[in-house]
Enquirer: 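After the structure tokens below, expect a handful of questions from me.
Naming: A, B, ... by sequence-line order, numbering from 1 per chain.
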Amino acid sequence: MLIPCPHCGLRPSEEFVPKGLAEAPRPALGGRAKPDGPAWQNYLHLRDNVADHSHEYFHHALGCRSWIVVHRHTLTHEVTGATMAADFWKADKPAKGAKDAKSPTAETAEDGQ
Amino acid sequence: MADQYGFWRLLAEGLRGHTGWKPAWRDPEPKAEYDVIIIGGGGHGLSTAYYLAKNHGITNVAVLEKGYLGGGNVGRNTTIVRSNYLHTGNVLFYEKSLQLWEGLSNDLGYNVMFSPRSIINVFHSDSARDADTRRGNQMILHGADAVLLNREGIRREAPLVDVDNPRFPVYGGLKQTRAGSARHDAVAWGFARGADRRGVDLIQNCEVTGIDVRNGCVVGVQTNRGPIRAKKVGMAVAGNTSRVGKLAGLPLPIESHVLQAFVSEGLKPMLHNVITFGAGHFYISQSDKGGLVFGASLDGYNSYAQRGNLPRVEHVMEAAVSFVPAVSKVRMLRSWGGVMDMSPDGSPIIDKTPIEGLYLNAGWCYGGFKATPGSGWCFSHLIANDSPNHHIEQMRLDRFETGYVIDELGAGAQHNLH
Amino acid sequence: MTASLPQPMRLREGGLINRNRPLTFTFDRRVYQGYEGDSLASALLASGVKLFGRSFKYHRPRGVFSAGPEEPSALVEIDQGKAERDPNHRAPMVELYDGLETFSQNHIGPLGLDLMEANDLISRFLPAGFYYKTFFFGGLQAWYRFYEPIIRRAAGLGRPPMEADPHHYDKIYTFADTLVVGGGIAGLTTALSLARAGQSVLVCDERDRVGGAALWQGERFDGQSGAAYGDHLVAEIEAAGGRVLPRTTVFGVYDGGIYGALERCQDHLAKADRRVHTARMKYHRIQADRVVYATGAIERSVGFMGNDRPGVMLASAGHAYLGRYGVRVGQQPTIFTTNDGGYAVAAALAATGADVTLLDARADSRLEAEGVRVLRGVHATKAHGRMGLHRVDYGGAQSGSLTTDALLVAGGWNPAVHLTSHTNDRRQSKPVYDADLRAFLPPELVDSEAASGSVTGALGTADCLASAAAAAAKFGGAALDTPAVDEAVAVSAPKELWAVPGAGQAAFLDLQNDATVKDVGLAAQEGFRSVEHMKRYTTLGMATDQGKTSNVNGLALLAAATGREISAVGTTTFRPPYTPVPMGAFAGHHRQRDYEPFRYSPVYDWAEANGATFVEAGLWMRPSWYTQAGEADWLESAVRETRATRDQLGITDVSTLGKIDIQGPDAAEFLNRLYTNGWKSLPVGKARYGLMLREDGFVFDDGTTSRLAECHFYMTTTTAKAAAVMAHMEFVHQSAWPDLQVAFASVTDQWGGLALAGPKSRDCLAALFPELDVSNDGMPFMGVIETTWKGHTARLFRISFSGELAYEVAVPADVFDAFWREAMAAGAQWDITPYGLEALNILRIEKGHVTGGELDGRVSMDDVGLRKMVSTKKDFVGKAMSRRTAFSDPDRVKMIGLVATEADERIIGGGIVFDSKDGPFDHTTMLGYVTSVAAFSPLKDRSIALAFIKNAADYHGRTLYVVSHVHNRAIIEVTAESPHFYDPKNEKVTG
Amino acid sequence: MDQSVIRSPLGPSWTPGHYGTVATGDDGSAEAGIRALHTPGLLLVEIAALPGKGEAMRAAVKKGLKLDLGDGSPAASLPNAVCSGPDRCLLTGFDLAAVKAAVGDLGLAVDQSSGRVRLSIDGADVPGLLAKSCPLDLAKWPVGMSQASHFLHIGCTWYRRSETGFDLYIGRSFARSAAEWLIESAAEFGVEILVPDA
Ligand SMILES: Cc1cc2nc3c(=O)[nH]c(=O)nc-3n(C[C@H](O)[C@H](O)[C@H](O)COP(=O)(O)OP(=O)(O)OC[C@H]3O[C@@H](n4cnc5c(N)ncnc54)[C@H](O)[C@@H]3O)c2cc1C
Ligand SMILES: NC(=O)c1ccc[n+]([C@@H]2O[C@H](COP(=O)([O-])OP(=O)(O)OC[C@H]3O[C@@H](n4cnc5c(N)ncnc54)[C@H](O)[C@@H]3O)[C@@H](O)[C@H]2O)c1
Ligand SMILES: Cc1cc2nc3c(=O)[nH]c(=O)nc-3n(C[C@H](O)[C@H](O)[C@H](O)COP(=O)(O)O)c2cc1C
Ligand SMILES: [Zn+2]
């Protein structure tokens, strides 16, 4: 499998460490406020886990060390794009499966090299 | 019963050209309604149906299988059977299951080839030895068996293991003598035949596409072969738990991941026991047919595909030739994958759901083959009595909210780390 | 050289062998001869050998069935010796070399008189799945001790190697624009077209010579032979910048355009010619944008009685032995065909002067072959000859019996579609049945895939070339001139004939696993109607050849038996590898010692030279203890090291700790979020102990972090968790707080670190840094000083893991060895003693400091008595989840210290704690368990331990019992106390 | 700074000389397909920008150190300034103080002179050697570009100096294993370990 790291371009999957589905945003730390249990339960444990296009965290651990969110189909393993984790929750989440103009895909990553 | 298996029957059939064998199970049309529907004709679904009939006298049962019986993980796993767990929540259950394995062939009248050839868990450091000592002690306190081996013990019991590996020298191992392996297909087929003969309808090529819930109670299911009504529905769909759960609107703490397995060409006896390596997350045994059956950990990414990729293959082989160097020249014959229902603590869930009459059996990760008889025993009890027996008291669905997790590895709430 | 040995079946001329280079080899210790260019199979056939081996289940005598990788029967062992021997080589794929030693396998006694052949006599009692139906008499023990060992000994084919593999293997990353799998005429043609269009093309072919079927079929291309035309194409491809790799099997297709291939580099060479530094095999991990499947087709047989007899083989095999190797497989051969293809081999054999009869299953065929007697509407019904075929019976339009010494079966062609469906989830489809061609064709291909040649179902050479052009066109290939093909081979789709009428138990489908026509019927009868059920029940297609010649017949017969269309039954799943791959090939260099790289501390060499015994810790090699002359065991050394440290001065290497340099205006805020305690108030020049939780609220890691400047921190982690902590920090920074103004870098390798511990550590430090004030005032507990040593930065930390007055000093790793030696010299006056992990462990247990044994991923802050580390003023990672019910359950086990009552008894790590020595010992009565043990504590003059037990606070001062059932139910009496055995008031470290 | 106390991180197997297959060159002398060099004591500083400060940091580096890091991408790497991640770079030949002065409060600057080892390889067979562990396609790797990748299961950074010349930056504690591997794997082509210039 090849993963399009937004920084490095297309790279073999063995350079990455996957962490699991990126479905719910990570709840913010609440300062002195009482932390929000259900949000954390949702973030840490519960998953839609679809057999479809999905978003997953990968760490380019043997590479540039970016955390990225990979857009991938869990049944076909087709990779349609990737976003820096730093940007993923900021912007509007790209629609699942849609080729993401901002991120290199299997085709565009190559050109970037 | 007339259609019994056994030596004399085989002899008699041999003499008359095997014309007398009956189908191992019927191929019935689904009825309009059942007392209990079990979704999933894998090991757990079939054993649940078997014990519902045998232990609880509930025979108006259908097992709905979307493909062919036993085509899921029960038919594609590395067949290790053991109860060498650390936590009470697990040992109590897996030890019950191991006890059932010991009498299973005779109980089913079907040779499931359970072979107590022992499992040896090799460790590579003093701290790992202490952890395994604790585990061994816990096992014994829960009624299981365990033996601590030193290096010499490993040399004696598993001579092909590279005890002097300069990278990860072997310090010793924890052995469970009663553990072993079984023939995967025979387990599915034995339970299927047993359930069928007790009146259970096994319905293949029948995919559940909806779960009908009225006023918080389950009333039946939709399938590609039409709707079927039921008073109770049990889910035992392993890697497809989230998809089926969604049909009932259940949010579940499950991710699906692929695990690969491998078999070598058939060879004359080479390895006696099942061996697992702490440092390499690698396990290997030899099947009755002579193939070395082995595997390691998940590919790591989320997947519903029953196949994996080369990085994990390489990793597995690196571990294999490092720990059992003689296998280097042995050729890998076939590799495949199965879809695992990974829970956040690596332990299973057998529980009621918030929907009345809907029961959940899930989260087996890659350890549910050994659970097959135990799971059916306990799940059928839960379905029949609406309350868990003591073997599964801790396998609750709400434990992630409460924090009573059963984390064998101590890896924390990340599904793919277990 | 030995005098020429007879090769009765070798023709005087023909074939692609080098008759000027005879080669000598052995089979079952008998000496034979062949020629350069021969395979083991062709050379043995040339020498008149028919019997090659025994089948898996019934031990039936078997010969060669094919001339390629699909071979199910002629499997041999190569070389002898526990390390060298290599079983299950397919004789047609073994290239002959001088001195090759081969052995038949799977028999007891000589190959001709196998005692296990008894199985064949009782085969009627051993149908498919017989073992499921019996062997339970006597229960589990009877099965395990009696029946199963018999089955195991009978099962398996070759004898496994029993020692480490002496060869080495390489993994190669290989890239191409387009990968062409298969170097037959079709693959080469497509490849040339693409290479000329400027693509980087890689052709892999698993045979020793590319050319495929054209090497033996006899057709001519623009007047050239197939071999010559193939060579021409190769030269042109290479001239256009392409690469052609022979002896390279593409064994698997993986996601994202990744392909696995195995190149055999040495096995074909005589031993003396093998190059020492070249790998035996190279495993290519190929990455290609596009792929062309040009894998050809594999012939299939027909089910009839005795169709496994030595001498019965595929027609294409007989043709290949003739065309490629100049071997005539029979003098009086019979061809049994279901299609036009059989005529070509019949004619070719007749042309050599053989007496050829052809049985054409089709009554309506009009074809003739020169010099061949043709019987139409006739099929073989039974082949005779246990050790070698001598007669065949036929039936149908007429019946009779023929004397014959070879029976060549042409049952039709199965396109080699295996690779085209390895990633079948991608397009959700399996191979598709074409009822006209009576063959399964590749499923619909995606944009990056094309198929070329007979794999597409194309029959004749001209059709193959047309499909080759179409495949090239799909990828923008350049136009080529098509050669004029003089087809030697008539082709047609076969008549539908999977097994002849009346075929039964001795009519074989899977020749290796002995699955018969009757077994398929039995499976259907017993309800195993799914093709996957049939496969598993009969084991058809599960042998080393994966059913390359048998699967399609089996599933077609299942379709017939269950009244379904073949397309409705479908194939079983094709899986990698296409042909078996040695496990060592995947591992490459990563084996045994090089399984993972070692990490070396900068003072590794010093430690090694000074008696250290090392232990692996997170890839590092760390000294466990340093043996001195006269010391009997590790404990003696470790206790000496511990005493020296407590009494005088110890030194230990802490270079392996994870170290992270953190800078930026938000650095303190970042730490505040990561750690449970507060960091904003930490003054510059001070260190603080910190505890991190995982997001699920359990303890993750601990360590000290120092403030070097207002916006500059230096964090340390445990050795084991260094990588995980770094990844965690990157995760929360990048995914949760990307705007936080902080940057960090791992500096683990930059710094070498040592700890000086013991009453004289201050003196030693002063000696090393005479210009510094390291007094208690100048450098108080948790003080940090940045200075230089010989011009190199040095960081001094007053922190203690041992519980002694202690300092850690970090200097750049490049100079650490020199610094360490200087510290040794400076400390000599106080007998400075290097200590390893064992002593470190005793010291820290005496002090009650936790490590991985305690922080096992399941404990809370409370469990390890670190509640005081939690700030209530702020939120931090893990806080929310650490408030779950279970965390405040009064039944949770908490840390406590244990001291053995008897001086000579050792507490056992992993032992279980009870409050009674009389039992009952079970999980309801257990209090907890032991995590870390000091086999001997000089402080207590006996063994001590850290443990976790319920209601820990209530047990201080009470007698408890550590029980280890796995140590012969050992029971050790202990007294519980605070885990802080040593200097609980911290006077030593702060004084 | 006292240079005499510096010790090479590479073990005893990294000793100048010829290893492995001996190929004979046109002039009849022994020829190695690969030449390898390590220079101990190299100055090496890692810099990384604070979030959002990448461009500013590169401008500061251009001003202070006269290094043009372009857009900060791997393709804009220089022989002595190798991009190892987003807004992250390994600078060789500058001492920490100078780099710190240039970077100022725009990012992090840490000394890695001991932390990273640079192994340089060159020679006609370098592509063959790289194929044994580097998962990158040389055909799509322009001269002058760096790539953060892996080598022997270890994270590393590569820089392509020329058609057949590459620098490998790798963590010091791994370097000895890496060097041993390199000699072993290069043996097929013949390898010459060079003596660093004094
Ligand atoms: C490679 C591998 C190695 C393993 N090794 C071991 C091991 O050594 N030891 C061990 O104990 N465990 C092992 N396991 C785990 C074990 O196989 C599983 O945990 C266990 O088999 C799961 O239970 P099951 O048999 O009921 O699941 P399955 O056999 O997967 O049964 C689930 C069934 O549900 C069906 N289904 C799904 N959705 C629907 C639907 N909508 N409608 C109808 N039917 C549906 C599926 O088709 C499937 O047949 C391994 C697993 C794998 C993949
Ligand atoms: N009647 C038929 O259906 C039929 C059958 C076979 C051959 N042919 C003849 O073959 C010729 C062209 O055939 P073609 O080129 O399609 O096939 P081919 O059989 O000549 O060549 C296929 C090549 O692919 C190689 N190969 C197969 N799988 C491989 C793998 N996984 N990895 C590496 N190599 C692999 C084989 O070694 C073989 O050399 C024509 O002359 C045609 O008449 C016809
Ligand atoms: C314990 C075990 C042993 C196996 N042994 C063999 C074998 O000897 N030959 C074979 O072809 N496949 C063997 N398989 C693999 C199956 O053929 C098949 O690949 C696996 O059950 C997954 O099914 P699938 O490939 O049809 O998806 C074995 C599988 C298991 C679980
Ligand atoms: Zn990257």
Enquirer: Pick from Met317(B), Arg334(B), Glu314(B), Met270(B): which one has the most heavy-atom pairs with chain C under 4.5 Å?
Expert: Arg334(B)
Enquirer: Picking from Glu163(C), Gln592(C), Arg591(C), what satisfies side-chain contact (heavy atoms from CB on, under 4.5 Å) with Pro325(B)?
Expert: Gln592(C)
Enquirer: Under 4.5 Å heavy-atom distance to chain C, tell me which part of Asn309(B) shows up: side chain, backbone, both or neither.
Expert: both
Enquirer: Tell me which one of Pro116(B), Ser105(B), Ser115(B) satisfies side-chain contact (heavy atoms from CB on, under 4.5 Å) with Leu140(C).
Expert: Pro116(B)
Enquirer: May I have the step-by-step check of salt bridge (charged side-chain N to carboxylate O under 4.0 Å, His left out) for Glu401(B) and Arg884(C), ending in yes or no?
Expert: CA-CA 7 Å; Glu401(B) 263 167 276; Arg884(C) 289 181 287 173; over 6 Å; no
Enquirer: Hey, which of Gly290(B), Ser127(B), Pro269(B), Gly308(B) has the most heavy atom pairs under 4.5 Å with chain C?
Expert: Pro269(B)
Enquirer: So, Lys329(B) side chain and Ala83(C) main chain: donor-acceptor pair closer than 3.5 Å or not?
Expert: yes
Enquirer: Does the side chain of Arg307(B) pick up a donor-acceptor pair with the side chain of Tyr254(C) at under 3.5 Å?
Expert: no
Enquirer: Measuring heavy-atom distances to chain B, does Ala543(C) have an atom under 4.5 Å in its side chain, in its backbone, in both, or in neither?
Expert: backbone
Enquirer: Contact between Tyr283(C) and Leu310(B) at the side-chain level, heavy atoms closer than 4.5 Å - yes or no?
Expert: yes
Enquirer: Determine whether Leu160(B) and Met162(C) make a side-chain contact, defined as any pair of heavy atoms from C-beta on separated by less than 4.5 Å.
Expert: yes
Enquirer: Can you tell which of Ser624(C), Gly857(C), Gly156(C), Gly588(C) has the highest number of heavy-atom pairs within less than 4.5 Å of chain B?
Expert: Gly156(C)
Enquirer: With a 4.5 angstrom heavy-atom cut-off, is it the side chain or the backbone of Ala411(B) that approaches chain C, or both, or neither?
Expert: backbone
Enquirer: Would you call Lys133(C)-Glu13(B) a salt bridge at under 4.0 Å N-O?
Expert: no
Enquirer: For Gln505(C), is it the side chain, the backbone, both, or neither that has a heavy atom closer than 4.5 Å to a heavy atom of chain B?
Expert: neither
Enquirer: Measuring heavy-atom distances to chain B, does Met621(C) have an atom under 4.5 Å in its side chain, in its backbone, in both, or in neither?
Expert: side chain
Enquirer: Between Trp143(C) and Phe114(B), is the ring centroid distance below 6.0 Å?
Expert: no
Enquirer: Could you go through Tyr595(C) and Phe323(B), starting from their C-alpha distance and side-chain angles, then the distance that decides it, and tell me whether this counts as ring pair (Phe, Tyr, Trp, His ring centres under 6.0 Å)?
Expert: CA-CA 9 Å; Tyr595(C) 173 61; Phe323(B) 294 122; 5.6 Å; yes
Enquirer: Mark yes or no for whether Asn111(B), through its side chain, and Tyr131(C), through its backbone, hold a donor-acceptor pair below 3.5 Å.
Expert: yes
Enquirer: Given a strict heavy-atom distance threshold of 4.5 Å, which part of Phe614(C) is in contact with chain B: side chain, backbone, both, or neither?
Expert: neither
Enquirer: How long is the gap from OH on Tyr68(B) to CD on Glu532(C), to the nearest 0.5 Å?
Expert: 4.0 Å
Enquirer: Side chains of His965(C) and Leu141(B): closer than 4.5 Å at any heavy-atom pair?
Expert: yes
Enquirer: Phe698(C) versus chain B, heavy atoms under 4.5 Å apart: side chain, backbone, both or neither?
Expert: side chain
Enquirer: Please check: side-chain N/O of Gln204(B) versus main-chain N/O of Ser530(C), any donor-acceptor pairing under 3.5 Å?
Expert: no
Enquirer: Can we call the ring centroids of Trp25(B) and His533(C) under 6.0 Å apart?
Expert: yes
Enquirer: Testing the basics here: between Ala413(B) and Asp696(C), what is the closest heavy-atom pair and its distance to 0.1 Å?
Expert: N-OD2, 3.1 Å
Enquirer: Non-hydrogen atoms of chain B under 4.5 Å away: do they reach the side chain of Glu838(C), the backbone, both or neither?
Expert: side chain
Enquirer: Measure the shortest side-chain to side-chain distance between Pro87(C) and Leu267(B) over non-hydrogen atoms and say whether it is less than 4.5 angstrom.
Expert: yes
Enquirer: Going by an N to O cut-off under 4.0 Å, is there a salt bridge joining Arg593(C) and Asp162(B)?
Expert: no
Enquirer: Against chain B, work out which of Ala155(C), Ser123(C), Ala724(C) has the most heavy-atom pairs shorter than 4.5 Å and name it.
Expert: Ala155(C)
Enquirer: Kindly indicate whether the side chain of Phe125(C), heavy atoms from C-beta on, has any atom under 4.5 Å from the side chain of Leu15(B).
Expert: yes
Enquirer: With distance as the sole test, does Asp922(C) use its side chain to make a donor-acceptor pair with the main-chain N or O of His142(B) at under 3.5 Å?
Expert: no
Enquirer: Under 4.5 Å heavy-atom distance to chain B, tell me which part of Tyr169(C) shows up: side chain, backbone, both or neither.
Expert: side chain
Enquirer: Measure from the side-chain N and O atoms of His124(B) to the backbone N and O of Glu616(C), and report whether any donor-acceptor pair falls under 3.5 Å.
Expert: no
Enquirer: Among Phe586(C), Phe135(C), Phe251(C), Tyr132(C), single out the residue with the greatest number of heavy-atom pairs under 4.5 Å to chain B.
Expert: Tyr132(C)
Enquirer: Of the backbone (N, CA, C, O) and the side chain (C-beta and beyond), which part of Tyr929(C) lies under 4.5 Å from a heavy atom of chain B, both, or neither?
Expert: side chain
Enquirer: For Val859(C), is it the side chain, the backbone, both or neither that has a heavy atom under 4.5 Å from a heavy atom of chain B?
Expert: neither
Enquirer: Can you tell me which portion of Lys82(C) sits under 4.5 Å from chain B's heavy atoms? Options are side chain, backbone, both or neither.
Expert: neither
Enquirer: Would the distance check show the side chain of Lys268(B) and the main-chain N or O of Ala154(C) forming a donor-acceptor pair, the cut-off being under 3.5 Å?
Expert: yes
Enquirer: Identify which part of Phe598(C) has an atom lying under 4.5 Å from any heavy atom of chain B, answering side chain, backbone, both or neither.
Expert: both
Enquirer: If I compare all heavy atoms of Pro577(C) with all of Ser335(B), which pair ends up nearest, and what's the gap?
Expert: CD-N, 4.3 Å
Enquirer: Need one label for His87(B): side chain, backbone, both or neither, based on atoms under 4.5 Å from any heavy atom in chain C.
Expert: side chain
Enquirer: Quick check: do Ile140(B) and Val966(C) have side-chain heavy atoms less than 4.5 Å from each other?
Expert: yes
Enquirer: So for Asn513(C), is it side chain, backbone, both, or neither that comes closer than 4.5 Å to the heavy atoms of chain B?
Expert: side chain
Enquirer: Please state whether the side chain, the backbone, both or neither of Asp126(B) comes within less than 4.5 Å of a heavy atom of chain C.
Expert: side chain
Enquirer: Compare every heavy atom of Asp165(C) with every heavy atom of Ser328(B), then report the nearest pair and how far apart it is.
Expert: OG-OD2, 2.7 Å
Enquirer: Side chains of Tyr404(B) and Asp889(C): is there a donor and an acceptor less than 3.5 Å apart?
Expert: yes
Enquirer: Heavy-atom cut-off 4.5 Å, strictly under: side chain, backbone, both or neither for His589(C) against chain B?
Expert: neither
Enquirer: Before accepting this row, confirm whether a basic side-chain N of the pair Asp86(C)/Arg331(B) lies closer than 4.0 Å to the acidic partner's carboxylate O.
Expert: yes
Enquirer: I'd like to know whether Glu148(C) forms a salt bridge (charged side-chain N to carboxylate O under 4.0 Å, His left out) with Arg117(B), so could you lay out the CA-CA distance, the side-chain angles of the two residues, the decisive distance to 0.1 Å, and finally the verdict.
Expert: CA-CA 11 Å; Glu148(C) 194 190 27; Arg117(B) 45 193 50 257; 3.0 Å; yes
Enquirer: Under 4.5 Å from any heavy atom of chain C, what part of Trp189(B) do you find: side chain, backbone, both or neither?
Expert: side chain
Enquirer: Ignoring hydrogens, what is the shortest heavy-atom contact between Arg152(C) and Leu271(B)? Give both atom names and the distance.
Expert: NH1-O, 4.2 Å
Enquirer: Can any side-chain N or O of Arg134(B) pair as donor or acceptor with the backbone N or O of Ile912(C) at less than 3.5 Å?
Expert: no
Enquirer: Below 4.5 Å, heavy atoms only, C-beta onward: do Leu92(B) and His923(C) meet side chain to side chain?
Expert: yes
Enquirer: With a 4.5 angstrom heavy-atom cut-off, could you sort out which part of Ala617(C) is near chain B: side chain, backbone, both or neither?
Expert: neither
Enquirer: Would you say Arg167(B)'s side chain and Leu619(C)'s backbone share a donor-acceptor pair under 3.5 angstrom?
Expert: yes
